[in-house]
Protein chains: 2
Amino acid sequence: MSRVLSEQAVADFRTKLCRVAARRFAEFGYAGVTLRALSDELGCSRTTPYRYFRDKADILGAVRTQGFRRLAEAEEAAVRAEPDPLLRLQAVGRAYLRFAGEEPDNYRLMFEVPEKFSPAPTAELRAEVQRSQRPLIESVQAAVEAGLIHGSPTTLTHLLWAALHGVASLHLAEKLTSGRTFEELSEAMVTLIARQMQSASNERPSPNERSPDKES
Amino acid sequence: MSRVLSEQAVADFRTKLCRVAARRFAEFGYAGVTLRALSDELGCSRTTPYRYFRDKADILGAVRTQGFRRLAEAEEAAVRAEPDPLLRLQAVGRAYLRFAGEEPDNYRLMFEVPEKFSPAPTAELRAEVQRSQRPLIESVQAAVEAGLIHGSPTTLTHLLWAALHGVASLHLAEKLTSGRTFEELSEAMVTLIARQMQSASNERPSPNERSPDKES
DNA sequence: GACGGTAGATTGACACTGTCAAATGACGTT
DNA sequence: AACGTCATTTGACAGTGTCAATCTACCGTC
């Protein structure tokens with residue numbers, strides 16, 4: 001066998017290219033992420049990235065993977081720091097929204113422009129996506145077990161996630177043009193979630209599980 | 001003066017092109033919306049659309065405008081049909097989510113792929129976006145006046161919108177892979193919003209307005 | 001130490017895109 | 001009947017992602 005690219009060298013090039021791609025996306029948007037530009041900035045030829053990634057979509061997928069990993073780490077840190085169920089759920093929510101606020105371009109890349117990604121995401125990406133959901137799920141489960149809320153943990157997690165993602169997404173789409181800053185709105189949403197649980201803990205029926213047949 | 005394109009003919013071509021663009025977007029994604037393909041499907045030459053639209057971005061902008069208009073109309077119909085403040089708010093939320101569920105590609109186009117649109121949106125588009133917000137704002141305001149919730153109507157509207165958009169957006173991104181259907185999750189969210197208000201109406205302090213200084 | 005094979009990088013080429021300039025076409029007016 | 005003008009078409013260009021063929025430099029072997 002002849003000389004082969006060391007694992008380290010492969011990883012180095014991959015991370016370096018991901019960093020450049022992320023930076024260019026943040027600066028010039030998706031249109032600025034072009035194989036030629038990335039390669040120029042890295043000092044290699046246009047098709048060299050094809051040794052390390054299958055596609056352009058594959059490159060973006062790697063950036064997304066890193067994004068979900070950092071989001072998961074932020075959530076996990078929040079979970080570790082807060083044992084109380086109610087406060088933990090708030091802390092996870094805050095960590096989620098803080099991530100979206102601090103790394104807006106990463107968050108955008110993670111959730112938007114879906115067609116630019118390969119239809120079959122990497123196993124690694126799917127794993128990180130799941131990992132980023134776990135702190136939410138576990139926090140909700142803990143809250144359910146503590147009697148703070150009632151209902152299916154999965155459904156409740158989805159609702160929680162939707163509330164958080166909605167705030168982040170609308171903010172990034174610049175649809176929230178009130179006087180409130182993103183941080184204020186984030187805190188308002190977290191507070192609202194906490195109040196929801198405090199009030200739900202005083203009542204018996206589960207808030208979902210069956211779609212009510214309520215007509216006008 | 002010589003013959004000039006009649007208003008009707010211009011409008012016809014524009015709407016026809018928008019319809020084709022929307023259909024191709026739904027079928028092939030953004031990559032399927034190409035001036036060549038649109039023109040072929042319309043039986044004209046590649047650059048003919050440039051007589052009726054400034055840009056490709058302008059075409060997508062027109063499709064988006066129509067989408068926001070239909071969303072606004074659906075919301076307004078829901079408002080008209082339901083006078084009771086609480087039920088009206090639920091009805092608007094249901095109409096919003098039903099629209100997202102029934103026209104997923106339109107909704108996606110309205111809120112995603114922001115870089116593909118002109119940085120300065122048309123006045124018409126901005127008007128329709130605002131129009132689609134008004135039923136939410138007015139429903140929230142009515143609920144505030146009825147004493148169902150307390151707080152800044154703008155902030156509360158943003159939170160409501162975020163909750164709705166979050167459900168729709170995560171669903172369209174295919175991130176919600178639980179057993180629940182989109183309809184069930186929508187109803188769960190609407191129910192949760194209603195419960196939030198019912199519980200809030202029994203208490204005095206406003207749920208936001210000031211970010212609470214709660215520490216662990 | 002020279003050589004050959006091969007992994008890795010490069011260049012060339014292709015089909016495709018959005019968009020502009022110039023050329024073509026057709027119609028109402030004089 | 002000829003003109004002028006608007007609508008449309010064609011030609012062209014820069015730029016894209018990606019594949020094939022080429023080149024380069026290193027390794028193990030003699």
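Residue numbers start from 1 in every chain, and the chains themselves are labelled A, B, ... in the order their sequence lines are given, proteins ahead of strands.
With values rounded to the nearest 0.5 angstrom, B:Glu112 atom CD is found 6.0 Å from A:Glu112 atom CD.
Per the geometry, CG belonging to A:Leu38 stands 12 Å off C1' belonging to D:dG17, to the nearest Å. In this entry the distance linking CZ of B:Phe13 with C1' of D:dT8 reads 10 Å, nearest Å. Between B:Tyr50 atom OH and C:dT19 atom P there is a gap of 3 Å when expressed in whole angstrom units. One interatomic measurement links the two molecules: CG of A:Leu35 to P of C:dT11, which rounds to 16 Å at whole-angstrom precision. Regarding B:Leu42, its CG atom lies at a distance of 17 Å from the P atom of D:dA7, rounded to whole Å. In this structure, the CZ atom of A:Phe28 is 17 Å from the C1' atom of D:dT16, given to the nearest Å. Put simply, CZ on A:Phe53 is 15 Å from P on C:dG8, counting in whole angstrom units. In this structure, the CG atom of B:Leu60 is 10 Å from the P atom of C:dG18, given to the nearest Å.
Between B:Asp55 and B:Arg51, it is B:Asp55 whose nearest contact on DNA chain C lies nearer the 5' terminus.
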Anything under 3.5 Å between a donor and an acceptor, one on a side chain of residues 10-22 of chain B, the other on a protein residue two or more places apart or in another chain? List them.
from, atom 1, to, atom 2, distance (Å)
B:Asp12, OD1, B:Gln8, NE2, 2.9
B:Arg14, NH1, B:Tyr52, O, 2.8
B:Thr15, OG1, B:Ala11, O, 3.2
B:Thr15, OG1, B:Asp12, O, 2.9

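You'll find a donor-acceptor pair under 3.5 Å spanning the side chain of A:Arg36 and the base of D:dG17, going by distance alone. Side-chain atoms of B:Thr47 come within donor-acceptor range of the base of D:dT10, with a qualifying N/O pair under 3.5 Å.
Between the side chain of A:Lys175 and the backbone N or O of B:Val129, no donor-acceptor pair lies under 3.5 Å. Of the possible polar contacts, none joining the B:Ser39 side chain to the B:Cys44 backbone as a donor-acceptor pair under 3.5 Å is found.
For B:Thr48, no side-chain nitrogen or oxygen approaches OP1 or OP2 of D:dA7 to under 4.0 Å.
Residue B:Thr34 is classed as a sugar-phosphate contact, given heavy-atom separations below 4.0 Å to backbone atoms only.
The nucleotide whose nearest atom lies closest to any side-chain atom of B:Lys56 is, among C:dG18, C:dT10, D:dG17, C:dG18.
For B:Phe182 and A:His158, the ring centers are positioned 6.0 Å apart or more.
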